[in-house]
Structure formats: structure tokens, C-alpha cells
There are 2 protein chains.
Amino acid sequence: MQAALANVSVAVSPAEKYREYLATKGLRLTRERSIIVEEVFAYHEHFDAEQLISRLAQKTDGRRVSRSTIYRSLLQLEEASLIRKVARQEDRDVFEHDYGYPQHDHLICRKCGTLTEFQADIIARSLEEVASQHGFRMDGHRLEVTGLCNECCRPPASRPKKLNLL
Amino acid sequence: MQAALANVSVAVSPAEKYREYLATKGLRLTRERSIIVEEVFAYHEHFDAEQLISRLAQKTDGRRVSRSTIYRSLLQLEEASLIRKVARQEDRDVFEHDYGYPQHDHLICRKCGTLTEFQADIIARSLEEVASQHGFRMDGHRLEVTGLCNECCRPPASRPKKLNLL
DNA sequence: CTAAGTGCAAATGTTTTGCAGAATC
DNA sequence: GATTCTGCAAAACATTTGCACTTAG
């Protein structure tokens, strides 16, 4: 029931925070929205809309939610700063938890697509400085570092060239 | 004719570099591709496919190129490291020159959408370090800093709240 | 001649939206 | 009783692709 409360340093559950956000807009935490938040925060992995949709579609109990509602809810969760877009992969927006987890950035393997999180305070600090120099009021950032992950640059055998030309 | 060569520290023109890239694939620098590279490098502003398309559509001379060819060419220019995606705005990929310009990152105003470039060597250096710690072979990064630009946070009059509720 | 290149129109795939009926205050 | 919600199907949109025709080595 109160998932995602155990090993996370938050005072309020994601669902509760969602409820608060909705309240400020005169909206309600419905059964569907509640199912969605809980599913979103049930795992800390990155996900896209389609994955969330199929996770919810597999539920055998009555916890099925329509595609539209899921998309609508994702927008709200983002507005509420519960989740945020981290990247775009295969034409899909990729989300991650933005609530209850420390700020971090990602190493994105351009071969296998794996997202690896890392933390570097110095970056946030540098950005504060840059922003203030430009009179820019920073409220967040997204940093994607691309390259090859440990796994994918291991076998230096033959370069995997594209096989277009017969 | 040889635009973008004057104030840029490159040995070879973008078109020439494009030609070289194409050559490695057994492809040619056609009239259309040539028109596209030149238009892309005629200005240093950020752009999306649609903008490029309409810029080329306005040409009164025979320099018109089809939408498909432009999209196909953009892919190649990206592959060739002549341009790169910097952001995604209004559901469109935004590109910028990646050739002949120093590495930099962007402040993105979430109100007016302005992209402001900045350079911070310390970030690149930090990333090198982080990458090596993870056995990650970095080949680039994208950093979008979001917030309000100088202009947009100037008038501290009334907070521009969304006018949804009547 | 053969392979690459183009333009067109149609397809794709994600995300959004209009609407009618259901649920909630 | 009015307003918010949902699910459905259709729409919107950027981007990609199949195809027939051109063009260039």
C-alpha cells in the first residue's frame, strides 16, 4: 500500500504529494491516478509511457487504466515535479522519479541504451555560477553524457559497421 | 558561396566535410545536399527541420529541396558530426552546428524558449573524470539548463499563473 | 547500364484531443 | 446538479519510408 516509503528519504509519499498538487488545481486523486502514481513509484527504473501502459495492462485485477488517462497523468506528475523527462529514446520520452531521489545525471550508452546514474556536485555548483553570471534563474537541468558503457566497449574485436551495402 | 568560413576556425568547409563523410559511404555530394549544407551553415542560429524547410522553400531560384531529402540529409549531417541535436522544443528536434564551433552548453528559458550558449570547461573536465570512473567511453554530452532568462525574470510584478480556472 | 538520389504521397508511431457517458462533490 | 474523469476512437504531428522516376559515374 505505502510503497516507496521505506528506503526513500521523503516525508510524504508520492501519492500524497500528487494529491497535494491536484488539490491546488481543484482536482482529485482518483482511483486511476492513484493506481498510476503507485505503479510509477513501485520501481526506480527509468520508463517510458508505453512501458508503463503495458505494466498496467497486465494487471489482472481491476487496476487497468486507459492509455489517455496515463498520458494525462504523466503530464500532471511532471508538473508536480514527481517525475521528469530524462531523455528521449526511440522516439519516446523517458521518465524517471524526480521526487524522493537526489539530483543526478546520466551516462547513456549509445549502443545498448543503458542509462547509468551518477552524481557530481561540482556540476550543479558550476551551473549555479554560470547561471548567475547570465542573470538566469536556474530551476533544473538535464545532462546526458553519451558514449559506450563499460560492457559495450569491452570486446574490441571487429568494429560493428553498418551492413547497408550488400 | 563559401559561407561560414570567415570567422570560424576550420580547415575545411562544412560542405567539404560533408563530401568526405559521404565518400566514406560511397555516396555523393549532390546538388540538393550541397544546397542543404550551405543553408544550414549560412547562419549559426539553432534551427529545427521545419524552419530549414521553409527557409529552403522560400528560395525563388531553383534551390528548392523536398522535405524528405532535407530530413534524410539532416540525419547524415548528424552522423557526420556537422550538426547535433541540442534540445527538443514543441515536439521538434532542435539542431545546431557541431562543426567549426567550440563545445558549449545551453541555458533554456522555459518561458520564452530562448537558447543561450555558455562554455564551462570545468564541466567537460568533470565529465571526463566521471566517465573514466565508470569505465564509460564518453564521446559527447548534452546539457540543458532550464529556468528563466534575464528578460523573463525581470518584471517581478505578478507571477504569470496559468489561467485555467475561469 | 547500374547504383545512388529525389520527390511524392502514404505510412508510422507517439502523444493529444473531442466527446459521451460515469463518477464525485 | 454541476463539474471533474475516464475511455474510446479519431486527430494531430513530426519523421520515415516505399516507390517510380531521374540522374550521374
Side-chain angles (χ1 to χ4, degrees), chain A residues 15 18-19 21-37 39 46-57 59 62-80 83-95 162-166, chain B residues 15 18-19 21-37 39 46-57 59 62-80 83 85-95 162 164-166:
Chain A
Y18 189 17
R19 160 179 280 126
Y21 166 79
L22 290 166
T24 69
K25 301 271 186 180
L27 306 179
R28 310 189 275 270
L29 181 63
T30 61
R31 196 183 67 93
E32 286 80 0
R33 288 174 181 156
S34 166
I35 291 170
I36 294 169
V37 195
E39 186 62 34
H46 305 90
F47 66 96
D48 60 39
E50 201 55 39
Q51 291 168 344
L52 181 60
I53 289 166
S54 57
R55 259 158 65 189
L56 285 169
K59 300 280 177 182
R63 328 205 90 214
R64 196 161 296 179
V65 185
S66 79
R67 174 172 292 267
S68 330
T69 299
I70 292 172
Y71 271 105
R72 285 190 274 239
S73 189
L74 285 174
L75 279 180
Q76 295 169 335
L77 290 172
E78 195 186 0
E79 270 274 318
I83 62 177
R84 64 179 190 134
K85 288 183 188 157
V86 252
R88 176 158 253 260
Q89 295 197 319
E90 300 176 52
D91 294 323
R92 293 178 187 170
D93 287 324
V94 178
F95 299 91
K162 287 206 179 158
L163 310 172
N164 291 335
L165 338 167
L166 46 141
Chain B
Y18 190 16
R19 161 179 281 123
Y21 166 79
L22 290 166
T24 69
K25 301 270 184 177
L27 307 179
R28 312 189 273 270
L29 181 62
T30 62
R31 196 185 67 92
E32 286 81 0
R33 287 175 182 157
S34 167
I35 291 170
I36 295 170
V37 201
E39 185 62 34
H46 305 91
F47 66 95
D48 60 39
E50 201 55 40
Q51 292 168 343
L52 180 60
I53 289 167
S54 55
R55 259 157 67 187
L56 285 169
K59 300 279 177 185
R63 330 203 89 213
R64 197 161 297 178
V65 186
S66 78
R67 175 171 291 267
S68 328
T69 299
I70 292 173
Y71 271 106
R72 285 190 273 239
S73 190
L74 285 174
L75 278 180
Q76 295 170 335
L77 290 173
E78 195 186 0
E79 270 274 317
I83 62 176
K85 287 182 190 158
V86 251
R88 176 157 252 260
Q89 296 197 319
E90 299 177 50
D91 293 324
R92 294 178 187 171
D93 287 324
V94 178
F95 299 91
K162 288 208 177 154
N164 290 336
L165 335 170
L166 48 138

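Given the structure is predicted, the values throughout are model-derived calculations rather than measurements. Per chain, numbering begins at 1; letters A, B, ... match sequence-line order.
In this view, A/R88 and A/D93 satisfy the side chain to side chain donor-acceptor pair (under 3.5 Å) rule, not counting sequence neighbours. Listed by chain and residue number, B/R67 satisfy the side chain to side chain donor-acceptor pair (under 3.5 Å) test with B/E50 (two or more places apart in sequence, or in another chain). Take B/Q76 and apply the side-chain contact (heavy atoms from CB on, under 4.5 Å) test, not counting sequence neighbours, and it matches B/Y18, B/Y21, B/L22, B/L27, B/R33, B/S73. Every residue two or more places apart in sequence or in another chain that forms a side chain to side chain donor-acceptor pair (under 3.5 Å) with B/S66 is listed here: B/T69. Listed by chain and residue number, B/R55, B/K59 satisfy the side chain to side chain donor-acceptor pair (under 3.5 Å) test with B/E39 (two or more places apart in sequence, or in another chain). By the salt bridge (Lys or Arg N to Asp or Glu O under 4.0 Å) test, B/R72 is found to be paired with no residue, residues two or more places apart in sequence or in another chain being considered.
Distance A/Q89 CD to C/dT15 C1': 18 Å, rounded to the nearest Å. One interatomic measurement links the two molecules: NZ of B/K25 to P of C/dG5, which rounds to 12 Å at whole-angstrom precision. Put simply, CD on B/Q76 is 12 Å from C1' on C/dT6, counting in whole angstrom units. Taking atom CZ of residue A/R31 and atom P of nucleotide C/dA23, one finds them 10 Å apart after rounding to whole Å. At whole-Å resolution of the value, CZ in B/R33 and C1' in C/dA4 are 8 Å apart. Taking atom CG on B/L75 and atom C1' on C/dT6, their separation rounds to 16 Å, with Å as the unit. Across the protein-nucleic acid pair, A/Q51 atom CD and C/dT15 atom C1' stand 16 Å apart, rounded to whole Å.
Using modelled atom types, no side-chain atom of B/R19 and backbone atom of B/L29 make a donor-acceptor pair closer than 3.5 Å. Side chain of A/Q51 to main chain of A/D48: a donor-acceptor pair is present (N/O by atom type, distance under 3.5 Å, no hydrogens or angles).
Residue contacts for A/T30: at a heavy-atom cut-off of 4.0 Å it reaches the sugar-phosphate backbone alone, with no base atom in range.
If you walk DNA chain D from 5' to 3' and mark each nucleotide with an atom closer than 4.0 Å to a heavy atom of chain A, the marks span D/dT4 to D/dA9.
For B/R67 and C/dC8, the shortest distance from a side-chain N or O to OP1 or OP2 is not below 4.0 Å.
For a distance-only test at 3.5 Å, the side chain of B/R72 qualifies as a donor-acceptor partner of the base of C/dG7.
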Could I get a table of every N or O pair under 3.5 Å where one atom is in the protein and the other is in nucleotides 12-14 of chain C?
from: C/dT14; atom 1: OP1; to: A/R92; atom 2: NE; distance (Å): 2.9
from: C/dT14; atom 1: OP1; to: A/R92; atom 2: NH2; distance (Å): 2.8

request  = Might you work through the side-chain contact (heavy atoms from CB on, under 4.5 Å) test for B/V86 and B/H46, ending with a clear yes or no?
outcome  = CA-CA 8 Å; B/V86 251; B/H46 305 91; 4.0 Å; yes
